[in-house]
**Q** 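Have a look at this one.
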2 protein chains.
Amino acid sequence: MNRLAKLGDDDNYALACLQFLPETIRANRYLVREGDRVDRCCIVVEGYACRDKLVRKGERQIVSFHMRGDLLDLQHSLLPIADHNLTAITDVTVGWIAGETLLELAQKHPRIAQAFMKDSLIDASISREWVLNVGRRDAKTRVAHMICEFVTRRQNLGIASEAPVSLPFTQQQIGDATGLTAVHVNRMLRALREEGAFDHGDRFLKIADWQKLRAIGEFNPAYLHQAA
Amino acid sequence: MNRLAKLGDDDNYALACLQFLPETIRANRYLVREGDRVDRCCIVVEGYACRDKLVRKGERQIVSFHMRGDLLDLQHSLLPIADHNLTAITDVTVGWIAGETLLELAQKHPRIAQAFMKDSLIDASISREWVLNVGRRDAKTRVAHMICEFVTRRQNLGIASEAPVSLPFTQQQIGDATGLTAVHVNRMLRALREEGAFDHGDRFLKIADWQKLRAIGEFNPAYLHQAA
DNA sequence: CGACAGATTGACGCGCCTCAAGGTACGTGG
DNA sequence: CCACGTACCTTGAGGCGCGTCAATCTGTCG
């Protein structure tokens, strides 16, 4: 949170006093369903989750993915009806906190309110990049871009990436995030591997040539607003 | 703004005291370029604008469109580097206001801060719906959905829609917003016209069968969070 | 009147989807 | 221990939705 705004000691003390209700969910289960009335938010403690929406035919679109430390659905403190599902990508542990509590916190601590605001704004910026990604880039570029975002956000958490990293997504999930079918994702992953951008095996990923991957994915991390 | 949060008299007074710097921009000109350092936000007074991003090949993706009353790029008070262009769709008049001013306002008036927050959250919800739209829907559905959103947001402003409404977008712009080419947008518009969903001519649109259009576009306005 | 932006339509091609048939790894129960 | 089911990955063949290219038409503005 200190990454998002300069907080005072009192702010940090207030944050430290927050009570989280921990919960662990199995992979592919819902934490929240679209249309639910929700009055709490959560923070990812361990594992991976995503936000997704369905079309009538039943196809799924993942609209963002989330990892340790991400604040999820801050919006439910102000917008009680969920406009998307919250789904576990892997087994995931989250900490729940009442929206009301966060609102009070924000009212008493303007710098915390500002940090929440900044978090939401970055979240929105990522969504805009995703619109661009699925709307105007070809399949190989989309997949490469998504992997670049994953690796970069992981690095921003301070997780090193020279070694092979575990890739939590199935090919179906990558397809759901990029607007492709799992079959075509498989072909694009193979192409990227054969071009020497990365090596990947059973849920593992080893970046072989970051500059190449970044170029193929047209990846510019500016939209993550992580200059700090 | 009263639509977003319950404001007190002092809040409304503070808002009324804001000084806006008006500016009028011609259609297709930029208000802000991606990468610019920006320290002000704006509100649309008249006309239509959009946020858009470009891919390397030069193709454009519109990531949201905006009309009278929309607050644009509130984010620039906290994130100084623009992650997208702000472009005039038609000739458009906006009112500029310093990000610093908005921050101070938010710090002094928690309910206004909350209203800003809510506005941003709704904006983000719309982006997520767009990811779904371009990622998983077919061309006719996408175009219908975009028109549904346009009509609905216009109605939420209190602009009646029984009569033919002016449609500010060119077919190229509809394509840029839906991830299609102008040629294919033309064919989809014709299909929707022939199915009796709407009639449209030179920048005009007359909804003939809202239920049909809504069904084709799989449009559910919940994501606009306008229950108020 | 010419220049230009936008709309319209047709012919054709390609990128991605669909369908299908395995293959591999792993867990579970007999 | 093997038999079986399940989830995921892999690869091929064929088809379709949308893109590309190009020509024409319209309205508007100088």
Side-chain angles (χ1 to χ4, degrees), chain A residues 26-29 48 55 57-62 87-91 133-147 166-194 198-205 216, chain B residues 26-29 48 55 57-62 87-91 133-147 166-194 198-205 216:
Chain A
R26 308 300 302 273
N28 294 314
R29 302 265 177 187
Y48 295 87
V55 293
K57 279 186 294 183
E59 290 171 299
R60 183 166 83 134
Q61 178 69 43
I62 293 178
T87 309
I89 285 180
T90 59
D91 292 355
N133 204 38
V134 298
R136 283 294 186 214
R137 299 210 255 242
D138 65 20
K140 192 164 67 173
T141 309
R142 278 187 229 180
V143 172
H145 188 278
M146 180 191 171
I147 290 179
S166 112
L167 187 68
F169 311 109
T170 65
Q171 293 179 1
Q172 178 65 52
Q173 288 164 341
I174 295 175
D176 287 346
T178 52
L180 300 168
T181 58
V183 171
H184 206 60
V185 167
N186 182 285
R187 291 193 251 257
M188 296 302 101
L189 287 174
R190 175 151 58 91
L192 289 166
R193 175 159 25 93
E194 286 171 355
F198 56 64
D199 197 21
H200 70 96
D202 187 29
R203 299 295 188 88
F204 274 79
L205 176 75
I216 294 172
Chain B
R26 308 298 303 272
N28 294 316
R29 302 264 178 186
Y48 294 88
V55 292
K57 281 186 294 184
E59 290 171 299
R60 183 165 82 133
Q61 178 69 43
I62 293 178
T87 310
I89 285 181
T90 59
D91 292 355
N133 203 38
V134 298
R136 283 294 185 215
R137 294 195 176 118
D138 65 19
K140 193 164 69 173
T141 308
R142 280 187 228 180
V143 171
H145 189 278
M146 179 189 171
I147 290 178
S166 114
L167 188 67
F169 311 108
T170 64
Q171 293 180 0
Q172 177 64 51
Q173 288 164 338
I174 295 174
D176 287 346
T178 51
L180 300 167
T181 58
V183 171
H184 205 62
V185 167
N186 182 285
R187 293 193 253 255
M188 296 303 100
L189 287 173
R190 177 152 56 92
L192 289 166
R193 177 160 23 93
E194 285 171 356
F198 56 65
D199 198 20
H200 70 97
D202 188 29
R203 302 291 188 90
F204 274 79
L205 175 74
I216 295 172

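Reminder, nothing fancy here: chain letters follow the sequence lines and each chain counts from 1. Fair warning: this is a prediction, and the values are worked out from it, not measured in the lab.
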**Q** Using whole Å, what does the distance between atom P of nucleotide D/dT10 and atom CG of A/L192 come to?
**A**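 In whole Å, D/dT10 P and A/L192 CG are 13 Å from each other.
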**Q** Side-chain N or O of B/N186 versus OP1/OP2 of C/dA7: is the shortest distance under 4.0 Å?
**A**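 The answer is no; no side-chain N or O of B/N186 sits under 4.0 Å from OP1 or OP2.
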**Q** Kindly give the heavy-atom pair with the smallest separation between B/D176 and A/R136, and that separation in Å.
**A**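 Result for this residue pair: OD1-NH2, 3.0 Å.
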**Q** Rounding to 10°, can you tell me the angle the first-five-pair axis of the helix from C/dC1-D/dG30 to C/dG30-D/dC1 makes with its last-five-pair axis?
**A**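 Both end axes considered, the difference amounts to 30°.
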**Q** Without decimals, in angstroms, what is the distance between A/D176 CG and C/dC17 P?
**A**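 Taking atom P of C/dC17 as the reference, CG of A/D176 is at 11 Å.
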**Q** For A/T181 and C/dC17, is the shortest distance between a side-chain N/O and OP1 or OP2 below 4.0 Å?
**A**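 The answer is yes; a side-chain N or O of A/T181 sits under 4.0 Å from OP1 or OP2.
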**Q** Ignoring hydrogens, what is the shortest heavy-atom contact between B/N133 and B/T141? Give both atom names and the distance.
**A**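 Residues B/N133 and B/T141, closest heavy atoms: OD1-O, 4.4 Å.
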**Q** To the nearest Å, how far apart are A/L205 CG and D/dC9 P?
**A**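 In whole Å, D/dC9 P lies 13 Å from A/L205 CG.
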**Q** Under 4.0 Å between a side-chain N or O of B/R190 and OP1 or OP2 of C/dT9?
**A**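 The answer is yes; a side-chain N or O of B/R190 sits under 4.0 Å from OP1 or OP2.
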**Q** Let me know the distance between CZ of B/R26 and P of C/dC4, rounded to the nearest Å.
**A**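 Roughly 17 Å, once rounded to whole Å.
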**Q** Report the distance from atom CD of A/Q171 to atom P of D/dC9, rounded to the nearest whole Å.
**A**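 About 4 Å, once rounded to whole Å.
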**Q** Between P on C/dC26 and CZ on A/R203, what's the gap in Å once rounded to a whole number?
**A**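 Distance check: A/R203 CZ to C/dC26 P gives 12 Å.
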**Q** Would you give the length of the straight line joining atom NE2 of A/H200 to atom CG of A/L189, rounded to the nearest 0.5 angstrom?
**A**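 The distance works out to 4.5 Å.
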**Q** Using a 4.5 Å cut-off on heavy atoms from C-beta on, say whether the side chain of B/D199 contacts that of B/F204.
**A**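 Answer no - side chains too far apart.
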**Q** Dump the pairs, protein N or O against N or O of nucleotides 13-15 of chain C, anything under 3.5 Å, distances to one decimal.
**A**
none

**Q** Spell out protein contact along nucleotides 23-30 of chain D as letters: B when the base is contacted, S when just the sugar-phosphate is, - when no protein heavy atom is under 4.0 Å; keep the 5' to 3' order.
**A** --------
**Q** Can you find a heavy atom in the side chain of B/Q171 that is under 4.5 Å from one in the side chain of B/L180?
**A**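 No, every pair of side-chain atoms sits at 4.5 Å or beyond.
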**Q** Which atom pair, heavy atoms only, marks the closest approach of A/A182 to A/Q172?
**A**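 That closest heavy-atom pairing would be CB-OE1, 3.6 Å.
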**Q** Quick check for you: to the nearest 0.5 Å, what is the distance between B/K140 atom NZ and B/H145 atom NE2?
**A**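 Here the interatomic distance stands at 15.5 Å.
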**Q** With a cut-off of less than 4.0 Å, is there a side-chain N or O of A/Q172 near OP1 or OP2 of D/dC8?
**A**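 No, no such contact exists.
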**Q** Apply side chain to side chain contact (heavy atoms under 4.5 Å, CB included) to residues B/T87 and B/I62 and explain how you reach the verdict.
**A** CA-CA 9 Å; B/T87 310; B/I62 293 178; over 6 Å; no
**Q** Once you round it to whole Å, what is the distance between P of D/dG19 and CG of B/L180?
**A**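 Interatomic distance, CG of B/L180 to P of D/dG19: 5 Å.
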**Q** Ignoring hydrogens and geometry, is there a side-chain-to-backbone donor-acceptor pair from B/R142 to B/R137 under 3.5 Å?
**A**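 A pair under 3.5 Å: yes.
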**Q** Could you work out which one of C/dT18, C/dA7, D/dA22 sits closest to the side chain of B/V183?
**A**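 Of C/dT18, C/dA7, D/dA22, D/dA22 is nearest to the side chain of B/V183.
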**Q** Would you say A/R29 has more than 12 foreign heavy atoms packed within less than 6.0 Å of its CZ?
**A**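 Counting other residues, nucleotides and ligands, CZ of A/R29 stays at 12 neighbours or fewer.
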**Q** Would you mind classifying the nucleic acid contact of B/G179 as base, sugar-phosphate or nothing, using non-hydrogen atoms under 4.0 angstrom?
**A**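 Since only primed, P, OP1 and OP2 atoms lie under 4.0 Å of B/G179, the category is sugar-phosphate.
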**Q** At less than 3.5 Å, do the side-chain atoms of A/R187 and the base atoms of C/dT18 form a donor-acceptor pair?
**A**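 Donor-acceptor pair under 3.5 Å: yes.
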**Q** I need the CD1-C1' distance between B/I174 and C/dA5, as an integer number of Å.
**A**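 Taking atom C1' of C/dA5 as the reference, CD1 of B/I174 is at 15 Å.
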**Q** The side chain of A/N28 lies closest to which of these nucleotides: D/dC8, D/dT11, C/dT8?
**A**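 Nearest listed nucleotide: D/dC8.
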**Q** Indicate the atoms forming the closest heavy-atom contact of B/A144 with B/I216, along with that distance.
**A**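 Shortest heavy-atom separation between B/A144 and B/I216 comes out as CB-CG2, 4.0 Å.
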**Q** Identify, between A/A182 and A/R136, the residue whose nearest nucleotide on DNA chain D lies closer to the 5' end.
**A**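 This one resolves to A/A182.
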**Q** I need the minimum non-hydrogen distance between A/A177 and A/Q61, along with the two atoms involved.
**A**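 Closest heavy-atom pair between A/A177 and A/Q61: O-NE2, 3.2 Å.
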